[in-house]
Amino acid sequence: MTDGRLRVVQWATGNVGRRALRETIRHPDLELVGLVVYDEAKAGIDAGDLCGEAPTGVLATTDHASAIALDADAVIYMPGAADFDEVLAVLERGTNVITTCGDFQAGAASLSEERRGRLLDACRRGGSSIYATGSSPGFISDALPLALLSMQRRVDRIEIEEYANLSERDSAYMLFELMGFGRPAGPADEGRASYLLGQFGPALARLARSAGHDVQDWSATGELAAVRETTTLAAGELPAGTVGAQRTILSGSSEGREVVRFTANWYCSTDLDPAWDLLPTGWRVKVRGDAAMDVTIEFPVAVEDLGEFTPALTANRPVNAVPFVCAAAPGIVVTEDLPPLVPIGPSRD
């Protein structure tokens, strides 16, 4: 710590990583001391130049070992895919890790027993902690539902609905190649539903357990809807009759009764066959219990501005978490272990 500030390394500068980098630079209680990039073209560039801030004197590097060797309090770890041994090296160094990588979500519950043991051992040797968060899973699978659970004494079921209008997302590769929009409508890809269950299942299981239910059975199903007319998107064109919306439903049951459900509604049009009841981009959380609640979150921005707005939903929470994770006991930290992640030292304009 320098002058009372926590020393932070930002690891990766993708869409979300750049936003986290900017907010780390702006944070009055954090000091950026290192920046890891994966693109050689970014190496040697000042961190401020990479995120629209004034020069910081911290230059981007592709040398991971040198970044690990820094005397940092925390690494905000945001690569596209986690390198498990790399994370262990950071923790053994004594540096706390805050990450958006799904491998470590929900207390690293999806890791094998062997890997989880190695992770805990690295934390013990380094006296460090690791905390995984994000927006979904993350905020919507733990922070908000847990706040609603605090109002309950009996919880029968928790339902989370996610809505994402992708019509203005200017990424043809993501929409058409990875997600399959614009393909002939037919049966949903069950592999995608299984993949999402792998991503969200551990967090949803933990949420259900917080409500007093141990999930015994899971189901994961998908549905597709076609656009009625040829539709022009920011990323290209959807021919009439092709996939314009995808819905994935993850359901967890206990003793034959559904106790938790997550529904992802991703769409490029609302003019669909069959017709779906869709909300604007955001979430809806329903708690069925003795103090039943129905909470809807929408974002007060135009759909064409969502691309600029939404990175903050994933990037800000890890930055806010740095002081709390650094103060936590060594080990794998979950949201229930932490106080509310309020923005201590608000971002300056």
Side-chain angles (χ1 to χ4, degrees), residues 12-20 37-39 77-83 99-105 110 132 134-141 160-204 220-227 230-250 262-270 272 276 278 280-283 299 303-315:
T13 56
N15 199 25
V16 173
R18 285 196 307 275
R19 181 64 66 93
V37 295
Y38 289 80
D39 184 351
Y77 189 75
M78 293 181 165
D83 182 320
T99 181
T100 53
C101 292
D103 311 57
F104 306 102
Q105 288 280 352
S110 63
S135 56
S136 180
F139 167 76
I140 202 57
S141 61
I160 301 171
E161 299 171 4
E162 178 172 281
Y163 296 90
N165 184 341
L166 303 173
S167 61
E168 294 297 325
R169 187 67 62 88
D170 192 10
S171 175
Y173 178 74
M174 182 190 78
L175 291 182
F176 304 136
E177 299 297 326
L178 293 182
M179 301 188 72
F181 286 103
R183 295 177 184 172
D189 180 0
E190 294 304 323
R192 181 180 296 278
S194 297
Y195 171 78
L196 281 184
L197 180 58
Q199 293 291 302
F200 283 85
L204 296 175
T221 58
E223 302 173 4
L224 300 177
V227 288
T230 297
T231 304
T232 300
L233 311 176
E237 190 173 84
L238 295 180
T242 63
V243 175
Q246 304 177 21
R247 174 178 287 153
T248 305
I249 302 170
L250 312 178
F262 178 85
T263 304
N265 299 278
W266 302 330
Y267 61 97
C268 295
S269 172
T270 56
L272 300 168
W276 285 2
L278 295 170
T281 296
W283 295 290
F299 307 121
V303 64
E304 58 268 22
D305 295 328
L306 284 173
E308 173 62 25
F309 172 83
T310 54
L313 301 178
T314 300

Going from OG on S110 to CD on Q199, what distance comes out if it is rounded to the nearest 0.5 angstrom?
-> 7.5 Å

Considering non-hydrogen atoms only, spot the tightest contact between F299 and L313 and give its length.
-> CZ-CD1, 3.6 Å

Any side-chain heavy atom of R247 within less than 4.5 Å of one from W266?
-> no

Rounded to the nearest 0.5 Å, what's the gap from OG1 on T13 to CE on M78? Could you check?
-> 11.5 Å

Before giving the answer on side chain to side chain contact (heavy atoms under 4.5 Å, CB included), spell out for T231 and C268 the whole-Å C-alpha distance, their side-chain angles and the decisive distance to 0.1 Å.
-> CA-CA 9 Å; T231 304; C268 295; over 6 Å; no

Any idea which heavy atoms bring Y267 and P280 closest together, and the distance?
-> OH-CA, 3.6 Å

Assign the ring pair F262 / F200 to parallel, tilted or perpendicular, where the plane angle (0 to 90°) is split at 30° and 60°.
-> parallel

Y195 atom OH, neighbour heavy-atom count above 12 within 6.0 Å | no

Do S135 and T314 have side-chain N/O donor and acceptor atoms under 3.5 Å apart?
-> yes

Check whether any side-chain heavy atom of M174 sits under 4.5 Å from a side-chain heavy atom of R169, and report yes or no.
-> yes

Could you tell me whether the side chains of E161 and T263 share a donor-acceptor contact shorter than 3.5 Å?
-> no

Can you tell me how far the OG atom of S171 sits from the CG atom of L233, to the nearest 0.5 Å?
-> 11.5 Å

Interatomic distance, CD@E308 vs CG@N15, rounded to 0.5 Å, equals 8.5 Å

Could you tell me the separation between the CG atom of L197 and the OG1 atom of T248, rounded to the nearest 0.5 Å?
-> 10.5 Å

State whether the side chain of Q246 and the backbone N or O of M179 hold a donor-acceptor pair below 3.5 Å, judged by distance alone.
-> yes

Checking T242 side chain against L238 main chain: does a donor-acceptor pair fall under 3.5 Å?
-> no

Any sub-3.5 Å donor-acceptor pair from N265's side-chain atoms to E162's backbone N or O?
-> yes

Minimum heavy-atom distance Y38-P79, with the two atoms named = OH-CB, 3.3 Å

Between G182 and P239 the two heavy atoms that sit nearest each other are O-CD, 4.4 Å

Looking at side-chain heavy atoms only, is the closest gap between Y163 and T281 below 4.5 Å?
-> no

So which heavy atom on G180 is nearest to which on V243, and how close?
-> O-CB, 3.9 Å

Shortest non-hydrogen contact from Q105 to G134?
-> NE2-N, 4.2 Å

Determine whether L250 and T221 make a side-chain contact, defined as any pair of heavy atoms from C-beta on separated by less than 4.5 Å.
-> no

Stepwise, does the side chain to side chain contact (heavy atoms under 4.5 Å, CB included) test hold for F176 with R183?
-> CA-CA 8 Å; F176 304 136; R183 295 177 184 172; over 6 Å; no

